[in-house]
2 protein chains.
Amino acid sequence: MKNDYTDNIESCPIAKVQKVIRGKWPMVIIYHLSESHVLRFSELKRKMPQITEANLTKELRTLEAYGLIHREVYREVPPRVEYSLTAIGTKFIPVLEALETWALEYEAAQIESQS
Amino acid sequence: MKNDYTDNIESCPIAKVQKVIRGKWPMVIIYHLSESHVLRFSELKRKMPQITEANLTKELRTLEAYGLIHREVYREVPPRVEYSLTAIGTKFIPVLEALETWALEYEAAQIESQS
DNA sequence: CTGTATCCTAGGGGATACTG
DNA sequence: CAGTATCCCCTAGGATACAG
């Protein structure tokens, strides 16, 4: 049988890409890379103090596999690795901007509803 | 500065609001409600055949608690319940549109990279 | 500096059955 | 029709330690 795929994919484009950006960290990582353009592992870690190194590595590898970020390794001592957005990763920025706009509206609505 | 998100996650609006729309279903539900404006429980279930009734209920309750959707109960026989977006829920639509646009670009990029 | 390797746990989310 | 009630599995993701 065709399974899960058929209905959601055709009726909802959102469901299609949901797995790519799902989770606690992917959009945050993309956000920081969109702001700084290029970041090293330790710089990303500093910008997200609450993620563990193990998970940061995992998230970066996943985003790389999905084609959203590029990993450039410089074989030096000490080692240097730079992360940046790919073309398709850069095209995700408007989504973040829309989300950021909504976040501010949402925050304002929450405050208003308390009074 | 006010909008410096580099220090910690709490000052990043994306990270802040991420829990509201996180998970497999919330954005999909909002998408269907944005398309249809008003949907009954069974209609939502039909648009998302893969979600279980238990989880659909849970997701709807959560989105309602977050203020994104409105639940209107008509005490009839048989019972009728209609779900719709609230004002702040409606304001989320631009995010979905941006995401949808990106989804198409992402899909195209994937196909292109295969050749 | 840039990661691995383990371990561990909360909860997201599926399956199935039942109800007012 | 619009849900509850259970059960249960899995993986996201945190903590900690170690390595090249």
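This one's a predicted model, so the numbers in the text were calculated from it and none came from an experiment. Convention: sequence-line order gives letters A, B, ...; per-chain numbering from 1.
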J.: Give a yes/no answer on whether the side chain of B:Tyr83 brings an N or O atom under 4.0 Å of OP1 or OP2 in D:dG3.
T.: yes
J.: Produce a footprint string for nucleotides 7-13 of chain C: one letter per nucleotide, 5' end first; B if the base is under 4.0 Å from any protein heavy atom, S if only the sugar-phosphate is, - if neither.
T.: ------B
J.: Once each nucleotide of nucleotides 15-20 of chain D is scored for protein heavy atoms under 4.0 Å, what B/S/- sequence comes out, 5' to 3'?
T.: B----B
J.: What pairs of donor and acceptor atoms, side-chain ones from residues 33-44 of chain B against any protein atom, are under 3.5 angstrom apart with sequence neighbours left out?
T.:
residue : atom : partner : partner atom : Å
B:Ser34 : OG   : B:Tyr31 : O            : 2.6
B:Ser36 : OG   : B:His32 : O            : 3.4
B:Glu43 : OE1  : B:Arg40 : N            : 2.7

J.: Roughly what angle, to 10°, lies between the helix axis at the start of the helix from C:dC1-D:dG20 to C:dG20-D:dC1 and the one at its end, five pairs per end?
T.: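 Comparing the first five pairs with the last five, the axes sit 60° apart.
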J.: Under the salt bridge (Lys or Arg N to Asp or Glu O under 4.0 Å) rule, collect the residues that match up with B:Arg80, sequence neighbours excluded.
T.: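 Salt bridge (Lys or Arg N to Asp or Glu O under 4.0 Å) check on B:Arg80 returns B:Glu76, B:Glu82.
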J.: Output all residues satisfying salt bridge (Lys or Arg N to Asp or Glu O under 4.0 Å) with A:Glu64, sequence neighbours left out; order by chain, then residue number.
T.: none
J.: Which part of the nucleic acid, if any, lies within reach of B:Ser42 when heavy atoms closer than 4.0 Å are counted: base, sugar-phosphate only, or nothing?
T.: sugar-phosphate
J.: Enumerate, atom names and distances included, each donor-acceptor pair closer than 3.5 Å involving a side-chain atom of residues 84-92 of chain A, sequence neighbours excluded.
T.:
residue : atom : partner : partner atom : Å
A:Thr86 : OG1  : A:Gly67 : O            : 2.6
A:Thr86 : OG1  : A:Leu68 : O            : 3.1
A:Thr86 : OG1  : A:Gly89 : N            : 3.1
A:Thr90 : OG1  : A:Thr86 : O            : 2.8

J.: Nearest of C:dG3, D:dG3, C:dC1 to any side-chain atom of A:Pro78?
T.: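 My answer, after comparing the listed nucleotides, is C:dC1.
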J.: Just to verify, what does A:Thr101 make a side chain to side chain contact (heavy atoms under 4.5 Å, CB included) with, not counting sequence neighbours?
T.: A:Glu105
J.: C:dC1, OP1 or OP2 - any side-chain N/O from A:Arg40 closer than 4.0 Å?
T.: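 No.
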J.: Tell me, which pairs form a salt bridge (charged side-chain N to carboxylate O under 4.0 Å, His left out) where one or both residues lie in residues 106-115 of chain B, sequence neighbours left out?
T.: A:Lys16-B:Glu107
J.: Could you pull out all residues at least two apart from B:Glu72 that satisfy side chain to side chain contact (heavy atoms under 4.5 Å, CB included)?
T.: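 For B:Glu72 the side chain to side chain contact (heavy atoms under 4.5 Å, CB included) partners, ignoring immediate neighbours, are B:His70, B:Tyr74.
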J.: Only counting residues at least two apart or in another chain, list the ones meeting side chain to side chain contact (heavy atoms under 4.5 Å, CB included) with B:Glu59.
T.: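 B:Glu59: side chain to side chain contact (heavy atoms under 4.5 Å, CB included) contacts with B:Trp25, B:Pro26, B:Ile29, B:Ile51.
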J.: With a 4.0 Å cut-off on heavy atoms, is B:Tyr74 in touch with a base, just the backbone sugar-phosphate, or nothing at all?
T.: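 Result for B:Tyr74 = nothing.
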J.: When you measure from the side-chain N and O atoms of B:Arg61 to the phosphate of D:dT4, is any distance below 4.0 Å, counting only OP1 and OP2?
T.: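 Checking D:dT4 against B:Arg61, a side-chain N or O does come within under 4.0 Å of OP1 or OP2.
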J.: Classify the nucleic acid contact of B:Arg75 as base, sugar-phosphate or nothing, counting any heavy atom under 4.0 Å across all strands shown.
T.: nothing
J.: Name all residues meeting the side chain to side chain contact (heavy atoms under 4.5 Å, CB included) criterion together with A:Val17; count only those two or more places apart in sequence or in a different chain, and write none if there are none.
T.: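 By the side chain to side chain contact (heavy atoms under 4.5 Å, CB included) rule, A:Val17 matches B:Leu99, B:Trp102, B:Ala103, B:Tyr106.
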